[in-house]
Amino acid sequence: MVDSGAFTAWRAGTSRSVEQYADFLEGLPVKAWRYFALDVIGDAAATRNNLQYLVNRKLNPIPIFTRGEDICNLDKLYEISDLIGIGGLVGTKGSAAFINGIMKEIGDRKAHWLGFARSGFIKQWHPYSCDCCSWMFACRYKTLHLYQGFGRFIHIRKQDLMGTPKKEMIAAFAHMGFDHAVMRHEDAWINSGMGYNPIEQINMRSWVRFSLDIQSKVGSRIFLAISNAPEVKQIMDQVFYWRKHWDIAQGDEEQIIGIEASHG
Amino acid sequence: MKAIDMNDMPSIEIRNVQIEKLIPNSSNARMHSEGQIEAIAKSIQEFGFNTPILIDAKNVIIAGHARYAAARKLGLAIVPIVMLSHLNEKQKQAYIIADNQLSLQSIWDYELLNDAIQELKAADFNIEILGFSQAELKHIEMGWLAESGLIASAGENLDGIKGKITILCQQDQINIIKQIIHDAIDAAGLDSLRSIYWLRHHIWSATCLNISINMRMIFAYW
């Protein structure tokens, strides 16, 4: 699954264009399973134009219904695709209310929530799929996202482990197969970007477990964003961990990895 | 995996000994909180001392330091032990670690767990003694049910994003940009808005992480 999000990140600070995105898609060494159109946050018209451009280039992207788009256009998007992306949800106020509103309109049709994977809403609406890069941000901001089951996480920062940690924290570590004492060392909190350190391993293991659990219990696919080879290794290490420690059906792991576009 | 024959294994015998004779292992790296000791003590009161303390031939504890501490807290004079005289020094050293670490590798099947807890609750059993916090019990009970309160509190609309601020700058300019934004926010008296925290947080993060040569920041504005 290729999303334009990481493409945007890759091109950070420079002008980006739908032409470059199309070139990128066409130049991928492996044919993408599916890929999204290039949305423009807060600009429905530009998002529409980008979709048209990609279609004209004989590409077959998943259209994106971005916040601000006329609801009348929703059905038109479903005429050209079985699945549409819901965009404009990241870092914006009112995204949860928008999810409630748009999912009522979408009904039982397939929707992918771009950058929105709050389990409370997933349990309510059962979207076809979601993606998120929370594990990356957790590492970047030196926070542990420890999966507790039922789609819920406990967030832990270094200061939370000073002194005697709370019981639920210790339990959450154990649930992920770690001892909380592993985070006592300063180096454990360093985001190497290569998956070497406990903060990276714990966050990725938690999010992979979340993804497997959501798919198994709710049916929604959670795509975890990755953008380079070390991140592929990180995610697969944890898939193998859960394969060993949990009865994961063969093939489930294929659903975990969302490849955000990268130039590598 | 190597086949084992139980006939080759040393037989173990549970005996009761005076707690004063037991010696905590000075090299035990496992730590136990006061809360955990308290919970184990309650468990012993409810269920009995069902898991013996493992000791060596010199009465030094190999496994069961938390149970030992809980027994002392309860004022028990005698505790059940198993003497592991077949382990050599290195094996003892390793077993102290392995006994703690191996137990971490199991996880709950929450559906079965919830079923069991609900049965105990229905029988008026005090489920607090199970070792879960109230928050954990609530999580287990709620399970995969949709959180209707959360959904309702979010509201419902099809509104678009009202606007956005895009800031493009070079990495070496970020401190200047950050200061300008902070000053502008303060001068405008906008501190009460949620967006300001978000804005500041992300600028701070970006600065500290030295993310890329060129910074591009998009902030939703409302």
Side-chain angles (χ1 to χ4, degrees), chain A residues 8-9 11-14 41-44 66-69 71 88 90-102 104-105 118-126 137 140-141 148-152 164-168 170-171 173-179 181 191 209 213 217-218 245-246, chain B residues 29-31 33-36 39 100-101 103-108 110-111 113 131-133 135-136 139-140 142-148 150-164 168-171 194-195 198 201-202 205 209 211-216 218-222:
Chain A
T8 304
R11 301 294 297 175
T14 63
I41 295 171
D43 192 338
T66 195
R67 285 181 70 185
E69 178 60 278
I71 193 64
V90 182
T92 57
K93 190 183 180 189
S95 55
F98 183 76
I99 282 288
N100 284 340
I102 195 69
K104 276 199 175 173
E105 299 290 335
R118 289 169 62 178
S119 64
F121 291 84
I122 293 170
K123 290 176 194 174
Q124 173 73 19
W125 296 111
H126 297 201
F137 282 99
R140 211 173 272 176
Y141 298 145
Q148 295 181 291
F150 300 121
R152 298 186 187 91
T164 307
K166 290 180 184 169
K167 194 172 64 172
E168 56 263 36
I170 297 171
F173 272 103
H175 187 52
M176 286 298 104
F178 284 93
D179 187 329
N191 180 25
R209 180 72 217 162
D213 251 11
K217 307 296 184 190
V218 183
H245 290 90
W246 194 256
Chain B
R30 195 70 176 163
M31 297 180 302
S33 68
E34 190 54 38
Q36 187 193 11
N100 285 300
Q101 184 59 24
S103 64
L104 293 176
Q105 296 184 9
S106 59
I107 55 175
W108 289 109
Y110 280 108
E111 286 179 24
L113 177 63
F132 294 106
S133 67
E136 288 171 310
H139 279 192
I140 294 162
M142 278 294 293
W144 289 100
L145 296 174
E147 294 158 38
S148 52
L150 170 76
I151 305 300
S153 67
E156 179 187 325
N157 65 52
L158 291 168
D159 294 346
I161 298 166
K162 289 178 183 161
K164 64 180 177 184
L168 296 169
C169 70
Q170 299 295 319
Q171 180 68 35
R194 270 179 54 198
S195 56
W198 198 87
H201 177 68
H202 280 70
S205 303
L209 289 163
I211 286 172
S212 62
I213 297 166
N214 293 305
M215 284 300 305
R216 177 174 184 272
I218 299 177
F219 301 110
Y221 178 73
W222 50 89

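In this text the structure is predicted, and so the values were computed from the model without any measurement. Within every chain, numbering begins at 1; the chains are lettered A, B, ... in the order of the sequence lines, protein sequences first and strands thereafter.
Annotation for Phe98(A) and Asp159(B): closest pair CD1-O, 3.5 Å, computed over non-hydrogen atoms. The heavy-atom pair separating Ala154(B) from Ala97(A) by the smallest distance is O-CB, 3.2 Å. For the residue pair Ile151(B) and Phe121(A), the shortest heavy atom distance occurs at CD1-CD2, 3.6 Å.
Here Arg152(A) is the residue among Arg152(A), His175(A), Lys104(A) with the most heavy-atom pairs under 4.5 Å with chain B. Of all the listed residues (Gly155(B), Ser153(B), Gly143(B)), the one sharing the greatest number of non-hydrogen pairs under 4.5 Å with chain A is Gly143(B).
Heavy atoms of Lys166(A) lying under 4.5 Å from chain B are absent altogether. In this structure, chain B has no heavy atom under 4.5 Å from any part of Glu69(A). Proximity to chain B involves both the backbone and the side chain of Ile102(A), based on heavy atoms less than 4.5 angstrom apart. Residue Phe178(A) touches chain B through its backbone alone, counting heavy-atom pairs closer than 4.5 Å.
A donor-acceptor pair is defined here as one N or O able to donate and one able to accept, closer than 3.5 Å; no such pair exists between the side chain of Asn100(A) and the backbone of Ala152(B).
Counting only heavy atoms from C-beta outward, the side chains of Arg118(A) and Leu150(B) approach each other to under 4.5 Å.
Asn157(B) CG to Ile99(A) CD1: the interatomic distance, rounded to the nearest 0.5 Å, is 11.0 Å.
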